[in-house]
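What follows is a single structure, written as structure tokens, with notes after it.
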Protein chains: 2
Amino acid sequence: MDERQAQSAFAALSQGTRLRIVRMLVKAGPEGMAAGAVAAEAEVSSSNVSFHLKELEHAGMIAARREARSIIYSADYDTLRDLIEFLMKDCCAGHPEICTPALAKSCCAPAPATTKRKRAYA
Amino acid sequence: MDERQAQSAFAALSQGTRLRIVRMLVKAGPEGMAAGAVAAEAEVSSSNVSFHLKELEHAGMIAARREARSIIYSADYDTLRDLIEFLMKDCCAGHPEICTPALAKSCCAPAPATTKRKRAYA
DNA sequence: TCCATAATTCAATGATTCTTGAATTATAGG
DNA sequence: CCTATAATTCAAGAATCATTGAATTATGGA
């Protein structure tokens, strides 16, 4: 991920509705959510959700697929991961020790095999 | 870091000049850079750099201190780290396995075994 | 085919945000 | 005190972004 892509990703996440949508889709997992469901949960109009979904798609944060009459959106984990890496590279540039605590505190430790969706982080 | 702070951080980083300034200051380290030096390296006017530095400061991405006639700006590593953590929490929410590669590929890998853990940037 | 549903597109408006240059504040040196 | 330097503030205009509602496209079922 280059600076231009990162900037585009940051812009996508810098808007309240869009940030909520991304978090929503990340939690929804690979199955994703229909545009209408996103609009309902985010409490915005359908045209407005379309606008924001398009922005997010253009920034590579989410992907779309058609399923019958619905269009299903899902988080693009690769881009999120790349964005994290971009920040880490920046943060660590010449100063790796500063960034390390982020790893220690991160929730990415081996997942406990749970059946129910529950808070994986504290 | 809550959603509101994260949004503010993303907004700060979503502007080309500001993103370059942050990267510049991260590389500059704790000593930081004077506003004028930032303006010169970013190739923008002094009033414009002031505007962007203020935005970054307001978002908690950088800190300012006066030194004689200059004002020295330096990256706020804590906020950067918090932002990475915020993204990781989001990315991992319910799907830890997806995020893990970011750790493996990160530059923050095994800190060289220094004799003791000390805060290099106080 | 006709209708209902799901979603997007479009144009207009409103709201933020960026940039610019002139005026202002703060500091140091002669 | 006067001048030069470093930086910020301010107001105006330009540019970008967000929201709204009406019109449009696409799909599936009766």
Side-chain angles (χ1 to χ4, degrees), chain A residues 3-25 28 31-76, chain B residues 3-25 28 31-76:
Chain A
E3 190 163 297
R4 204 203 124 288
Q5 291 174 295
Q7 191 185 315
S8 163
F10 289 135
L13 298 174
S14 73
Q15 206 279 336
T17 302
R18 285 198 294 266
L19 182 52
R20 266 182 294 136
I21 290 175
V22 168
R23 302 190 80 185
M24 195 183 293
L25 290 179
E31 291 136 48
M33 288 171 71
V38 174
E41 197 163 321
E43 294 178 302
V44 296
S45 72
S46 61
S47 75
N48 191 243
V49 91
S50 261
F51 170 77
H52 288 305
L53 287 170
K54 195 159 207 216
E55 295 277 305
L56 287 169
E57 193 182 6
H58 189 254
M61 310 300 295
I62 64 176
R65 66 176 192 274
R66 181 174 273 282
E67 219 162 82
R69 269 178 294 192
S70 295
I71 304 221
I72 310 292
Y73 287 91
S74 52
D76 185 320
Chain B
E3 191 162 296
R4 204 205 126 287
Q5 290 174 296
Q7 192 184 314
S8 165
F10 289 135
L13 298 174
S14 73
Q15 208 279 335
T17 302
R18 286 198 294 266
L19 183 51
R20 266 184 294 137
I21 291 175
V22 168
R23 302 190 79 185
M24 195 182 295
L25 291 179
E31 290 137 48
M33 289 171 73
V38 174
E41 196 163 323
E43 294 178 301
V44 295
S45 72
S46 60
S47 75
N48 191 244
V49 91
S50 260
F51 170 78
H52 288 305
L53 287 170
K54 197 158 204 219
E55 295 276 305
L56 287 169
E57 193 182 6
H58 190 254
M61 309 301 294
I62 64 176
R65 67 178 192 273
R66 179 174 275 281
E67 220 162 81
R69 268 179 294 193
S70 295
I71 305 222
I72 311 290
Y73 287 91
S74 52
D76 185 321

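Below, chains carry the letters A, B, ... as their sequence lines are ordered, and counting in each starts from 1.
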Whether [X] contacts [N] is assessed here as follows: a side-chain N or O lying under 4.0 Å from the phosphate OP1 or OP2. Is that the case?
{"X": "A:S70", "N": "C:dA7", "value": "yes"}
{"X": "B:Q15", "N": "C:dT16", "value": "no"}
{"X": "B:N48", "N": "C:dT19", "value": "yes"}
{"X": "B:K54", "N": "D:dT9", "value": "yes"}
{"X": "B:Y73", "N": "D:dT8", "value": "yes"}
{"X": "B:R18", "N": "C:dC18", "value": "yes"}

Kindly compute the distance separating CD1 (B:I21) from CG (B:L13), expressed to the nearest 0.5 Å.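 Between B:I21 CD1 and B:L13 CG, I get 11.0 Å after rounding to 0.5 Å.
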
Measure [atom1]/[X] against [atom2]/[N] and give the value in whole Å, please.
{"X": "A:H58", "N": "D:dC17", "atom1": "NE2", "atom2": "P", "answer": "11 Å"}
{"X": "B:F51", "N": "D:dA12", "atom1": "CZ", "atom2": "C1'", "answer": "14 Å"}
{"X": "B:Q7", "N": "D:dA18", "atom1": "CD", "atom2": "P", "answer": "10 Å"}
{"X": "B:F10", "N": "C:dT16", "atom1": "CZ", "atom2": "C1'", "answer": "20 Å"}
{"X": "B:E57", "N": "D:dA7", "atom1": "CD", "atom2": "P", "answer": "14 Å"}
{"X": "A:L53", "N": "C:dA6", "atom1": "CG", "atom2": "P", "answer": "16 Å"}
{"X": "B:H52", "N": "D:dT8", "atom1": "NE2", "atom2": "P", "answer": "13 Å"}
{"X": "A:R65", "N": "C:dA7", "atom1": "CZ", "atom2": "C1'", "answer": "16 Å"}

So which atom in [X] and which in [Y] form the shortest heavy-atom distance, rounded to 0.1 Å?
{"X": "A:E31", "Y": "A:R65", "value": "O-NH2, 2.9 Å"}
{"X": "B:A28", "Y": "B:M33", "value": "CB-CG, 3.8 Å"}
{"X": "B:A12", "Y": "B:M61", "value": "CB-CG, 4.1 Å"}

Closest to the 5' end of DNA chain D, once A:R66 and B:S50 are matched to their nearest nucleotides, is B:S50

Regarding A:A39, tell me which of base, sugar-phosphate or nothing describes its non-hydrogen contacts under 4.0 Å with the strands shown.
nothing

Next item on the list: Look at all strands and tell whether B:S47 reaches a base, only sugar-phosphate, or nothing, counting heavy atoms closer than 4.0 Å.
Entry: base

Practice problem: On DNA chain C, check which nucleotide each of A:S46 and A:R69 is closest to and give me the residue with the more 5' one. | Solution: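 Final value for this comparison: A:R69.
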
Only one of B:L56, B:I62, B:I72 passes side-chain contact (heavy atoms from CB on, under 4.5 Å) with B:L25, and that residue is B:I62

